[in-house]
Amino acid sequence: MKKLLFLLCLGLLFTSCGSPDANNEAETIDDTKKKTIISTLDYTNKGKMGDTDGPAFAVYSNLGYTGASAVLDIANMEINTVLPSGKFVNGYAFFGIDVYNKTGSWWQNCVDVGLCWSGRNGGWHVFYNMYEPLNETTPTWYESKVILPKDDIYNMSLTLTEDNYAVLTVEGQNSGIRDEVRVEVKGAYADGRNTAFLFNAALDYPPNTKVDRNGKRCEDFVEITLANTDQGLFMRSFHVEALTLYKHDTTFPWTKDKCSAVSIWPDKSVAGFDYAPTVVETFDGTKYVIDLDMNR
């Protein structure tokens, strides 16, 4: 996952989108249509995509926001992350904060905070991953011991509370179970002048699953994905609704005019795929139905 965070950050550095101001043109999703389907076989990313550690979907906001929230329908999703060998991959659904310099022209830091599904027995729980912490003694990786029921629908929000700090809260609509974590966001201003948010859903490969189709150790994520194809791995029918951005107490539906990019991995530009590991139904930017399915 640390590599996932690093790649997300690199994706921001090497992008054709330019600097992230509020006037950037968003990814071309037609709001006049009720639903658009994008997939590995027919969609080419026009903006950044930092997450290439496994099948993934990400939506990036423009600069200038102080928080984000969403409703995550975990109750109706299907997930299997265990290989026949007993090895497992990890599932993620999280918000990220990207921090730029004072003028908003150059990226300098990021943090991912949200839900992780890991282990042979699975289980959703809160995690965070920092690129650069505020204090050198702060652990850059954290996983909560609170396991969230998988048959619930969750309200998740991430909000800047002061300079350099944000708080993630997750609460079940039916169970009422709640968890939260305070996270350092070095360099972030509480007024949002130099921060942009992202939402990401992904499957991610632990080191012992990083092999090529001959079973040899590998760091090529195309080859790793193909080697783990048709092994029963999926995270599908994941409904993400009511995606919202905040400027303090003011809320904004996360529609395309608030986006700098909507991206998937792998997309059409990635050679070697004869099926679609990533398929996403988009509804005007505030709702997505995500299928990450590594089976033909």
Checklist entry - Would you say Trp124 and Cys116 make side-chain contact, with heavy atoms under 4.5 Å? => result no
Checklist entry - Does Asp112 reach the main-chain N or O of Ile97 with its side chain, forming a donor-acceptor pair under 3.5 Å? => result no
Checklist entry - Tell me, do Leu72 and Val240 make a side-chain contact under 4.5 Å, heavy atoms counted? => result yes
Next on the checklist: Pairing donors with acceptors under 3.5 angstrom, does anything connect the side chains of Gln108 and Trp106?
Outcome noted: no
Item to check | Cation-aromatic face contact Lys258/Phe252, 6.0 Å, 45 degrees | outcome: no
Checklist entry - Would you say the side chain of Tyr275 lies within less than 4.5 Å of the side chain of Met294, judging by non-hydrogen atoms? => result yes
Item to check | Ring centroid separation Trp254 to Tyr60 under 6.0 Å | outcome: no
Next on the checklist: Can you confirm whether Asp230 is buried at CG, in the sense that more than 12 heavy atoms of other residues, nucleotides or ligands lie under 6.0 Å from that atom?
Outcome noted: yes
Item to check | For Val262 against Asn45, the heavy-atom pair lying closest together | outcome: O-OD1, 4.2 Å
Checklist entry - Ring centres of Phe238 and Tyr288 under 6.0 Å apart? => result no
Item to check | Polar contact flag, side-chain donor to acceptor under 3.5 angstrom, Asp267-Ser263 | outcome: no
Checklist entry - Could Arg182 and Glu180 be called an ion pair, given the rule that one side-chain N must be under 4.0 Å from one carboxylate O? => result no
Checklist entry - Charged N to carboxylate O under 4.0 angstrom, Lys268 versus Asp42? => result no
Checklist entry - Is there side-chain contact between Leu243 and Phe95, with heavy atoms separated by less than 4.5 Å? => result yes
Next on the checklist: Between Asn109 and Gly187 (side chain of the first, backbone of the second, donor and acceptor by atom type, cut-off under 3.5 Å), is there such a pair?
Outcome noted: no
Item to check | Validation row: His248, Tyr246 side chains within 4.5 angstrom (heavy atoms) | outcome: no
Item to check | Test item: Leu83 and Phe88 side chains (from C-beta on) under 4.5 Å apart, heavy atoms | outcome: no
Item to check | Check: Arg193 main-chain N/O paired with Asp191 side-chain donor or acceptor under 3.5 Å | outcome: yes
